[in-house]
Amino acid sequence: MASPSRSGVFAKETDSRVELFTESISFDARLYAHDIRGSIAHAQMLEKIGILTDNEREAIEGALLDIKADIEAGNFTTSISLEDIHMHIEKMLIDKLGDVGRKLHTGRSRNDQVSTDFRLWVRDALDRVDELLLQLQRAFVGRCDQDADTIIPAYTHMQRAQPVLAPHYWLAYCEKLQRDRERIADCRKRLNESSLGVAALAGTSIPIDRQDTAERLGFDRVAANSLDVSSDRDFVLESAFALSMVATHLSSWAEEWILWKTIEFDFIDLPHEFCTGSSIMPQKINPDILELIRGKTGRVIGSLQTLLILIKGLPLAYNRDLQEDKPALFDAFDTVEACLDIAAPLVEGATIKADSINQRLEQGFLDATTMMEYLILQGIPQRTAHHMIGCLVALATEHNTSLAKLPLEEFQKLSPDLDEKIYGVLGVKNAIAAFKSYGSTAPEQVKAQISAWKTRLEM
Ligand code: ARG
């Protein structure tokens with residue numbers, strides 16, 4: 001007979017330092033609802049294949065729902081002697097039901113349980129992020145009518161380049177956010193297969209019905225190879241990458257608006273309830289939210305790095321290293337959700353400072369390229385036209401004026417055929433009106449894009 005002082009195969013109790021070092025309950029407790037959902041599906045399947053009676057399944061299901069309610073009511077204390085949320089819930093179940101509770105873990109292991117719970121959690125989290133991205137897109141599109149006639153200088157190399165309509169700018173962000181949403185949808189598709197029932201790594205000799213649990217949990221299909229899926233964290237890496245892209249997009253937007261909020265640019269005012277002051281300088285209205293959105297990007301990209309490095313050296317199949325995937329991905333989701341949540345009202349509440357922008361709009365020769373294109377359309381080769389306008393810009397700079405204010409003789413010195421019509425493309429307003437190509441800042445193009453976005457986002 002085995003000695004009753006033994007704990008199964010273990011001759012000694014676990015050292016308390018090991019418990020403290022290996023626990024995950026401190027960060028995986030947030031999987032409780034998904035764990036319970038997975039266990040209910042598993043119990044229903046066990047009934048279907050005759051492992052549980054109808055009464056046993058009902059008792060398990062009822063007890064699991066009570067446990068869920070208890071956790072949500074705060075009647076839940078954790079202990080590191082029960083490693084993770086999965087063991088906590090199972091212990092509570094056994095405390096309630098005795099031997100019936102001891103049957104639940106039939107035909108599964110914590111390895112597939114963790115993977116299933118995490119997939120379910122990440123799937124919900126991706127859906128939340130998608131909704132937040134949609135809200136931010138709507139915030140940008142929602143500005144388009146009020147800013148319809150505002151022209152902004154656009155930059156390359158942070159040097160004034162060509163004029164664009166403000167809505168063209170807002171829709172540029174919508175496109176980026178749309179790609180983020182597509183990445184999330186794509187990641188969700190690949191994630192959405194069931195790992196439940198691969199058990200520890202090789203499957204099980206219990207005649208479980210994996211298709212049944214997959215359907216109950218809303219998975220599109222059953223993962224085909226138990227070894228693969230018990231080690232698979234592609235969905236974790238892919239979502240961390242998708243989140244890193246979102247954070248990167250938010251970061252460049254934030255950087256831009258931080259610049260726009262300076263007196264040097266003076267393009268934008270941020271709602272005061274979304275700014276902060278200084279403890280010493282009474283005049284300060286600082287864009288801290290934007291700075292933190294930019295700053296927090298580091299955490300998200302850091303999580304992606306953590307996860308890639310975590311996974312890259314792991315042989316098949318389950319390794320305990322995998323427990324470390326949760327803090328990193330939870331933090332990435334929390335950070336991106338918080339950033340998106342605060343970005344939308346900031347976008348809605350900002351005011352574009354058209355007067356201040358207009359005061360300096362004719363600086364920087366934003367119309368030079370359109371003028372060059374006008375010459376090209378008159379039959380002058382592009383390289384020649386480029387050189388001619390370069391000379392005119394130098395002349396105008398020397399006289400501290402703009403192209404539109406140069407006398408016609410100056411244009412005719414370069415090309416005698418030029419007449420008064422040249423002034424029709426000069427000046428920023430005329431330059432904007434001259435645009436034609438698909439996807440450009442041409443007013444007609446922008447108008448069509450605004451209405452396409454409104455339809456797409458059901459606004
Ligand atoms: N707490 C662990 C995790 O979150 C579960 C470990 C299950 N498997 C094992 N063989 N220890 O990943």
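Numbering of ligands and ligand atoms starts at 1, following listing order. Every heavy atom of this structure was used, including side-chain atoms; hydrogens, water molecules and symmetry mates were not.
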- Task: In sequence, state the C-alpha distance, the side-chain angles, and the governing distance for Asp186 and Arg190, and then conclude on salt bridge (Lys or Arg N to Asp or Glu O under 4.0 Å).
- Result: CA-CA 7 Å; Asp186 199 48; Arg190 257 187 306 282; 2.9 Å; yes

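- Heavy-atom contacts of Ser24 reach the following atoms of ligand 1: 1 (N), 4 (O) (cutoff under 4.0 Å).
- When Ile25, Ile85, Asn111 are checked for heavy-atom proximity to atom 10 (N) of ligand 1, Asn111 turns out nearest.
- Proximity to Glu83 (heavy-atom distance under 4.0 Å) selects the following atoms of ligand 1: 1 (N), 2 (C), 5 (C), 6 (C).
- When hydrogens are left out, the protein atom nearest atom 6 (C) of ligand 1 is Tyr318 OH, 3.2 Å; that is the closest non-hydrogen contact.
- Within ligand 1, counting atoms from 1 as listed, the ones closer than 4.0 Å to a heavy atom of Lys326 are 4 (O), 12 (O).
- Between Tyr169 and Tyr173, the ring planes lie tilted relative to each other; the angle falls in the 30° to 60° range.
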- Hey, mind stepping through Asp331 and Lys296 against salt bridge (Lys or Arg N to Asp or Glu O under 4.0 Å) and telling me if it holds? CA-CA 10 Å; Asp331 190 68; Lys296 283 173 190 285; over 6 Å; no

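- Residue contact check: Asp84 has heavy atoms under 4.0 Å from atoms 1 (N), 2 (C), 5 (C) of ligand 1.
- Judged as a side-chain hydrogen bond (donor to acceptor under 3.5 Å, both in side chains), and not counting sequence neighbours, the contacts of Lys48 are Asp209, Asp212.
- Evaluated for a side chain to side chain donor-acceptor pair (under 3.5 Å) with Gln137, the options Arg456, Glu175, Gln178 yield exactly one hit, Gln178.
- Between the choices Gln323, Glu23, Met87, Arg110, the shortest heavy-atom distance to atom 2 (C) of ligand 1 belongs to Gln323.
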- Decide salt bridge (Lys or Arg N to Asp or Glu O under 4.0 Å) for Arg320 and Glu83; before the verdict, give the C-alpha distance in whole Å, the side-chain angles of both, and the deciding distance to 0.1 Å. CA-CA 12 Å; Arg320 189 60 180 274; Glu83 181 182 306; 3.0 Å; yes

